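Bear in mind the structure is a predicted one, so any value in this text is a computation, not a measurement.
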Amino acid sequence: MAVVKDARDLLFYDLTVQRRAQQAPYPDLIDLAFYWLKAAQNKKTPSKKFNKGSITAILKDVHLDAANDIMTLLLEMSDRNAPDTTYLDHEVRTSRHIAKGEKEGSGASAHVFISTKQQRDFPNTYLTLIEAIPAVPVQKIQATLNTIIRQACDADPKAFTYQKPGGINKDITYQPHIALGGYPSDRLIEDLEHGKILGMKLVSPTVKEPLGQSPFLKLEEYSVKVRVSKDLPEGQRWGTLLGEARMNKTDYPTARIYVQPEKDGKSFSVDVDAETGNIIGQAYVKTRRVGNIDPPISNASPDDIVPQLQSRAVEILLKERSV
């Protein structure tokens, strides 16, 4: 998915609002959007730091479209580890190097377009389109948005409260968060249905506890290996695998499926949310190409939401969402 000036790829995701306190209510997405808007407007909002601070992210711009019930975010990322930029002109054999300053990083931005209306039959779930920018991965977008929510709750502990039913009349604080799960691409379903399924693992994350006495080895997950018969009929494979994974979602919230699309070809694995069937990560996520963007997007990190991309994405979101 190459990034060019006059075209972008939009990735399809479900944004789900979640909370760890089982008796706490699910806040409406617009309540969380309020904090994202404040973070973008406040230039003193701390950046989200990754890789010991060498990569940072901020919300650069937020737009709420009340008429269409759509929110647009522009998330900007700075990478100090990236090399300096070089521009070349091979006609005259010249090169121009642009060096970063001491605290500067290579910049990239990605738009996130979110329906603020819940998907029909899927509570607390909102269709989301994410501009595919390699330097701005989806996992970091999710982490940045959740960090803003956490910072807001730390500043105002009573931002989200609930009372236990049947208990004493006492407010209990909690912190909601969001998760992004990708829609399976047509290519993934085709490879599953017509290729060779090498197996499946049901995976359960664990606290990173030490393995034995070594301080350098830590457990990250437990898994159960599932053998998949070669006789599983085509056309039923995705539904069968997902159905069985869903039955075991409490103990194993992730299913890791191993596939070889072609005989003697390269195999791959994909992680799937056992409850929703959404893809975890960015590979094999449903994509829509938006071409002929006019005027073209002139740089990798625009200062404001790009209206000519926004209008096209909103059109797709209105057509694809189910409310």
Side-chain angles (χ1 to χ4, degrees), residues 13-64 71-80 103 105 107-116 118 123-126 128 130 135-165 167-181 205-209 218 220 253 273 280-281 301 305:
Y13 280 82
D14 273 337
L15 183 154
T16 56
V17 176
Q18 302 180 355
R19 81 282 188 265
R20 293 181 178 87
Q22 294 301 310
Q23 294 176 327
Y26 289 95
D28 193 270
L29 180 61
I30 206 68
D31 296 328
L32 304 183
F34 170 74
Y35 294 107
W36 297 333
L37 179 62
K38 285 185 63 176
Q41 293 174 339
N42 183 2
K43 305 304 180 185
K44 295 183 179 181
T45 299
S47 62
K48 169 62 177 175
K49 294 178 173 57
F50 302 94
N51 295 20
K52 298 181 179 180
S54 62
I55 299 176
T56 55
I58 63 171
L59 267 182
K60 193 67 176 291
D61 196 9
V62 175
H63 176 255
L64 298 178
M71 167 174 41
T72 302
L73 313 178
L74 181 64
L75 189 138
E76 182 180 79
M77 193 159 290
S78 170
D79 186 356
R80 297 183 189 177
K103 295 184 178 181
S109 296
H111 292 80
V112 182
F113 308 96
I114 309 170
S115 168
T116 56
Q118 297 184 31
N124 314 302
T125 302
Y126 306 83
T128 300
I130 299 178
V136 189
V138 169
Q139 294 91 332
K140 285 184 169 60
I141 293 175
Q142 176 178 297
T144 301
L145 297 180
N146 280 329
T147 294
I148 293 171
I149 297 170
R150 187 179 69 250
Q151 290 170 345
C153 290
D154 289 343
D156 179 11
K158 294 188 176 181
F160 297 96
T161 63
Y162 71 100
Q163 295 182 355
K164 289 185 178 180
I168 60 176
N169 189 20
K170 178 182 177 181
D171 286 340
I172 302 173
T173 63
Y174 72 102
Q175 292 186 7
H177 60 280
I178 62 102
L180 291 165
T206 182
V207 177
K208 293 184 179 180
E209 55 191 40
K218 292 185 177 181
E220 288 195 349
D273 184 294
I280 300 172
S301 187
I305 291 169

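Between the side chain of Thr161 and the backbone N or O of Lys158, no donor-acceptor pair lies under 3.5 Å. Side-chain N or O atoms of Asn146 include one that pairs as donor or acceptor with a backbone N or O of Ile178 at under 3.5 Å. Gln23 places no side-chain N or O within 3.5 Å of a backbone atom of Lys164 that could act as its donor or acceptor partner. Distance alone, capped at 3.5 Å, places no donor-acceptor pair between the Tyr13 side chain and the Ile130 backbone. Of the possible donor and acceptor atoms, one in the side chain of Thr125 sits under 3.5 Å from a partner among the backbone N and O of Pro123. Remark: the backbone N or O of Leu74 is not paired with any side-chain donor or acceptor of Asp61 at under 3.5 angstrom. Between the side chain of Tyr174 and the backbone N or O of Pro25, at least one donor-acceptor pair lies under 3.5 Å. Between the Thr16 side chain and the Asp14 main chain, no donor and acceptor come within less than 3.5 Å of each other. Within the 3.5 Å criterion, the main-chain N or O of Leu145 finds a donor-acceptor partner in the side chain of Trp36.
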Please report the C-alpha distance between Lys49 and Ile55 in whole Å, then the side-chain angles of each, then the deciding distance to 0.1 Å, and finally whether the side-chain contact (heavy atoms from CB on, under 4.5 Å) criterion is met.
CA-CA 6 Å; Lys49 294 178 173 57; Ile55 299 176; over 6 Å; no

Would you please test Tyr35 and Leu59 for side-chain contact (heavy atoms from CB on, under 4.5 Å) and show each step?
CA-CA 11 Å; Tyr35 294 107; Leu59 267 182; over 6 Å; no

Step-by-step side-chain contact (heavy atoms from CB on, under 4.5 Å) determination, Phe50 to Thr144
CA-CA 10 Å; Phe50 302 94; Thr144 301; 3.8 Å; yes

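The shortest non-hydrogen separation linking Ala40 to Val62 is CB-CG2, 3.7 Å. Between Ala57 and Leu75 the shortest heavy-atom distance is CB-CD2, 4.2 Å. Residues Met77 and Pro137 come closest through the heavy atom pair SD-CD, 4.4 Å. Across all their heavy atoms, Arg80 and Lys103 have their closest contact at NE-O, 3.5 Å. Across all non-hydrogen atoms, the minimal contact from Gly281 to Gln139 is CA-NE2, 3.7 Å. The shortest heavy-atom contact between Ser47 and Ile58 is CB-CG2, 3.6 Å.
For the salt bridge (charged side-chain N to carboxylate O under 4.0 Å, His left out) test, no residue two or more places apart in sequence or in another chain qualifies with Lys140. Evaluation of the side-chain hydrogen bond (donor to acceptor under 3.5 Å, both in side chains) rule for Gln175 yields Asp154 as partners, not counting sequence neighbours.
Because its NZ or CZ atom is both nearer than 6.0 Å to the ring centre of Tyr26 and within 45° of the ring axis, Arg19 counts as a cation-pi partner of that residue.
Inter-residue side-chain proximity for Pro253 and Pro205 is flagged as met; some heavy-atom pair is nearer than 4.5 Å. With a 4.5 Å cut-off on side-chain heavy atoms, Pro27 and Val17 count as touching. Contact annotation: the side chain of Ser109 never approaches that of Lys60 to less than 4.5 Å [non-hydrogen atoms, C-beta and beyond]. Within the 4.5 Å cutoff, side-chain heavy atoms of Gln118 are placed close to those of Asp28.
From His63, atom NE2 reaches atom NE2 of His111 across 11.5 Å, with rounding to the nearest 0.5 Å.
With 3.5 Å as the limit, one finds no donor-acceptor pair spanning the side chains of Gln18 and Asn124.
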